[in-house]
Q: 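Below are the structure tokens for one structure; questions will follow.
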Amino acid sequence: MAKALSHPVFARVYPRIAAFADAHGSIEHRQEMLAGVRGRVVEIGAGTGSNFRHYQPEVTQVMAVEPEPRLRALAEKAATEAPVPVEVVAGLAEELPLEDDGFDVAVCSLVLCTIADVPGALAEARRVLKPGGELRFYEHVRSERPGFRRVQQVLAPLWRLPGGGCHLTRDTERAIQEAGFTVKDIRRFYFLINGRANPASPSIIGTARPST
Ligand SMILES: C[S@@+](CC[C@H](N)C(=O)[O-])C[C@H]1O[C@@H](n2cnc3c(N)ncnc32)[C@H](O)[C@@H]1O
């Protein structure tokens, strides 16, 4: 499998989308996902590094993996301004360039919608987590409302290309469970922007632990 991934159009547009979403509530979602995180963290598909400034001092190191070169360059810049040590490395979620049992927390935000091989990526997250480690996630997902889900299904093929390969209809909670995690906490909500829903509004934030 190729170790890099190039989405030049998405990589140019995503920083603006991320900033817009952050200004309309995503910052609070990121903070909620990261509340209480401590120790060594691996962040999978870190994008522009939007999470970095929200890590608390209890975090001793963040290894941020990002395969897209333009986004990785922005993440490297964000790392220099982060309140905790952050190292940004190239790599794919399905083949993390990291040691076994090395991390207290694995962070996935808005990335399990895009990764090609979700079971492979979650198996890798399990591999690099220490025993007793945890997965923190903030993801947009398939709606539980049948009518809304139908709209997502219709729009999904149109969304994928400008979205850098993003899938609108993934059942990410189930994927996490099927990968051998037990979901400890989960909040399901619609992320409304200016009071309005969009196809990526159905969202989850939560914590999962490898099942014993
Ligand atoms: C919508 S962006 C989210 C970025 C960031 N996590 C955030 O919260 O803003 C999706 C990210 O997933 C990355 N990505 C896509 N496929 C990936 C893969 N196979 N392994 C790791 N990252 C991947 C993209 O390069 C991009 O940075």
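One-based numbering, in listed order, for ligands and for the atoms of each.
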Q: When you measure from the side chain of His54 to the backbone of Arg30, do you find a donor-acceptor pair of N or O atoms at a distance under 3.5 Å?
A: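 Between the backbone of Arg30 and the side chain of His54 there is no qualifying donor-acceptor contact (under 3.5 Å).
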Q: Do NZ/NE/NH1/NH2 and the carboxylate oxygens of Glu144 and Arg149 come within less than 4.0 Å?
A: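 Judged by the 4.0 Å cut-off on N to carboxylate O distance, Glu144 and Arg149 do not form a salt bridge.
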Q: Taking CZ in Arg150 as the centre, count heavy atoms belonging to other residues, nucleotides or ligands within less than 6.0 Å. Is the count above 12?
A: no
Q: Please determine if Arg170 and Glu139 form a salt bridge, counting it only when a charged side-chain N lies under 4.0 Å from a carboxylate O.
A: no
Q: Just checking Arg160: does its CZ atom have more than 12 heavy atoms from other residues, nucleotides or ligands closer to it than 6.0 angstrom?
A: yes
Q: Could you pull out every protein residue that has a heavy atom closer than 4.0 Å to ligand 1, ordered by chain and then number?
A: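 Only Leu5, Phe10, Tyr14, Arg30, Gly45, Ala46, Gly47, Glu66, Pro67, Glu68, Leu71, Leu92, Ala93, Glu94, Ser109, Leu110, Val111, Thr114, Ile115 have heavy atoms that fall under 4.0 Å of ligand 1, ordered by chain and number.
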Q: Walk me through whether Tyr138 and Gln31 qualify under side chain to side chain donor-acceptor pair (under 3.5 Å).
A: CA-CA 10 Å; Tyr138 162 34; Gln31 291 170 341; over 6 Å; no
